[in-house]
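Per chain, numbering begins at 1; letters A, B, ... match sequence-line order. Given the structure is predicted, the values throughout are model-derived calculations rather than measurements.
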2 protein chains.
Amino acid sequence: MSDELMTIRQMCEAFDVTPRTLRFYEARELIFPERRGQHRLYDRRDRARLILILRGKRFGFSLEQIRQLLELYEPGSGNRAQIAATIAIARDRLDDMERQYAELREAIVELKSQLTDAETRLAAVPDDATLEQPTG
Amino acid sequence: MSDELMTIRQMCEAFDVTPRTLRFYEARELIFPERRGQHRLYDRRDRARLILILRGKRFGFSLEQIRQLLELYEPGSGNRAQIAATIAIARDRLDDMERQYAELREAIVELKSQLTDAETRLAAVPDDATLEQPTG
DNA sequence: GGCCAAGTTGACGTGAACGTAAGCAAGACG
DNA sequence: CGTCTTGCTTACGTTCACGTCAACTTGGCC
């Protein structure tokens, strides 16, 4: 079942994006679907890239940062200096992600602690305390 | 030295934000500095909240989501239903963060792998290969 | 041959999170 | 007294990542 090429509609349903979004990513040079006449056709490579794009977005990267990162996943597309530059950019992104990873862990621990406190407070509040003043 | 109250300028330097940003956060009800006459004065509570705001932003949360989360850190500010609602929202955020944490780990592993591959390719490319065709 | 549905381009609109600029108040300083 | 700095409010501008809409082409179908 059309394992190779997908229309824009199929892509939209598969990845929960709009046609506008896919054309936008193409305009920003993040994906390069074939053109059968007027129509776009997306292959496995495009789908793989889209998955990386959507993931990158969830991590808060801009489309331009993602575009640069995608070059790393697309080998053979440049000379030595080009490859080296891509690697440097990817290292920076990796650092960002590892920082964010550590920070996220801290935040999760703190939030859990606050949640526990709040649940304790909730259990301590009598049901009819709605109209009382907290502490003067 | 001024451990208690800070002017907007001092806040901006301390947290690397602009006055516009601090006033914006206040308009969105994320911080509530005192008003000594016309001027704003920020205390330790405001600074703690600002730290949480900036961190939340790094995780990709909207200011509205952050505002709701901050209620969790500000006890005694509501009735039972209010507290329960805040807890529910915080649980959702916590789930988001834990999902993001796991996904981030995956992405880091993959990116590291791609980086290794790219470095191998870089080492394999002769210095004068700039004008050659990759693989026909 | 006419019509609809799907797809395309191009232009403009939108919401979030600020930036920028204009104009005013108020204390400090010479 | 003037003016300088700091801060305030109001309002409009900006960037990013799309949404929306109009007008066009294309393919299928009766």
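- With sequence neighbours excluded, no residue forms a side chain to side chain donor-acceptor pair (under 3.5 Å) with Glu34(A).
- Interatomic distance, CD of Glu119(A) versus CD1 of Ile83(B), reported as 11.5 Å (0.5 Å rounding).
- Applying the side chain to side chain donor-acceptor pair (under 3.5 Å) rule to Arg9(A) yields no partners; only residues at least two apart in sequence or on another chain are considered.
- Contact between the side-chain N/O atoms of Tyr25(A) and the OP1/OP2 oxygens of dC18(D) is found at a separation under 4.0 Å.
- Partners of Glu13(A) under the side chain to side chain donor-acceptor pair (under 3.5 Å) rule, at least two apart in sequence or in another chain, do not exist in this structure.
- One interatomic measurement links the two molecules: CE of Met6(A) to P of dG7(C), which rounds to 12 Å at whole-angstrom precision.
- Under the rule for a ring pair (Phe, Tyr, Trp, His ring centres under 6.0 Å), Phe32(A) has no partner lying at least two apart in sequence or in another chain.
- Here the P atom of nucleotide dG19(C) and the CG atom of Leu22(B) are 10 Å apart, to the nearest Å.
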Output side-chain donor-acceptor pairs under 3.5 Å for residues 106-118 of chain B, partner residues at least two apart or in another chain, one line each.
residue, atom, partner, partner atom, Å
Glu110(B), OE1, Arg55(A), NH2, 3.0
Glu110(B), OE2, Arg55(A), NH1, 3.4
Lys112(B), NZ, Glu98(A), OE2, 3.3
Thr116(B), OG1, Lys112(B), O, 2.9

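- Listed by first then second residue, pairs satisfying ring-ring contact (aromatic ring centres under 6.0 Å, His included) with a partner in residues 36-57 of chain B number zero, not counting sequence neighbours.
- An OP1 or OP2 oxygen of dC16(D) is reached within less than 4.0 angstrom by no side-chain nitrogen or oxygen of Lys57(A).
- With sequence neighbours left out, Phe15(A) forms a ring pair (Phe, Tyr, Trp, His ring centres under 6.0 Å) with no residue at all.
- Qualifying side chain to side chain donor-acceptor pair (under 3.5 Å) partners for Thr21(B), counting only residues two or more places apart in sequence or in other chains: Thr18(B).
- Of the side-chain N and O atoms in Thr18(A), none sit less than 4.0 angstrom from OP1 or OP2 of dC18(D).
- Rounded to whole Å, the distance from CD on Glu26(A) to C1' on dA17(D) is 16 Å.
- Every salt bridge (Lys or Arg N to Asp or Glu O under 4.0 Å) that Arg45(B) has, sequence neighbours left out, goes to Glu74(B).
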Polar atoms only, N or O, under 3.5 Å: list the protein pairs with nucleotides 7-9 of chain D and their distances.
residue, atom, partner, partner atom, Å
dG7(D), OP1, Thr7(B), OG1, 3.3
dG7(D), OP2, Arg9(B), NE, 2.7
dC8(D), OP1, Arg40(B), N, 2.8
dC8(D), OP1, Arg40(B), NH1, 3.2
dC8(D), OP2, Arg23(B), NE, 3.3
dC8(D), OP2, Arg23(B), NH2, 3.2
dC8(D), O5', Arg40(B), NH1, 3.2
dC8(D), O3', Arg35(B), NH2, 3.0
dT9(D), OP1, Arg35(B), NH2, 2.9
dT9(D), OP2, Arg40(B), NH1, 3.0
dT9(D), OP2, Arg40(B), NH2, 2.7

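- Looking at Asp96(B) and Arg93(B), a side-chain N of the basic residue comes within less than 4.0 Å of a carboxylate O on the acidic one, giving a salt bridge.
- Leu50(A) places its CG atom 14 Å from the C1' atom of dC18(D), with the value rounded to the nearest Å.
- Overall bending of the helix from dG1(C)-dC30(D) to dG30(C)-dC1(D), expressed as the angle between end axes built from five pairs apiece, is 20° (10° steps).
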Produce the list of close N/O pairs, under 3.5 Å, pairing protein atoms with atoms of nucleotides 12-16 of chain C; give distances to one decimal.
none

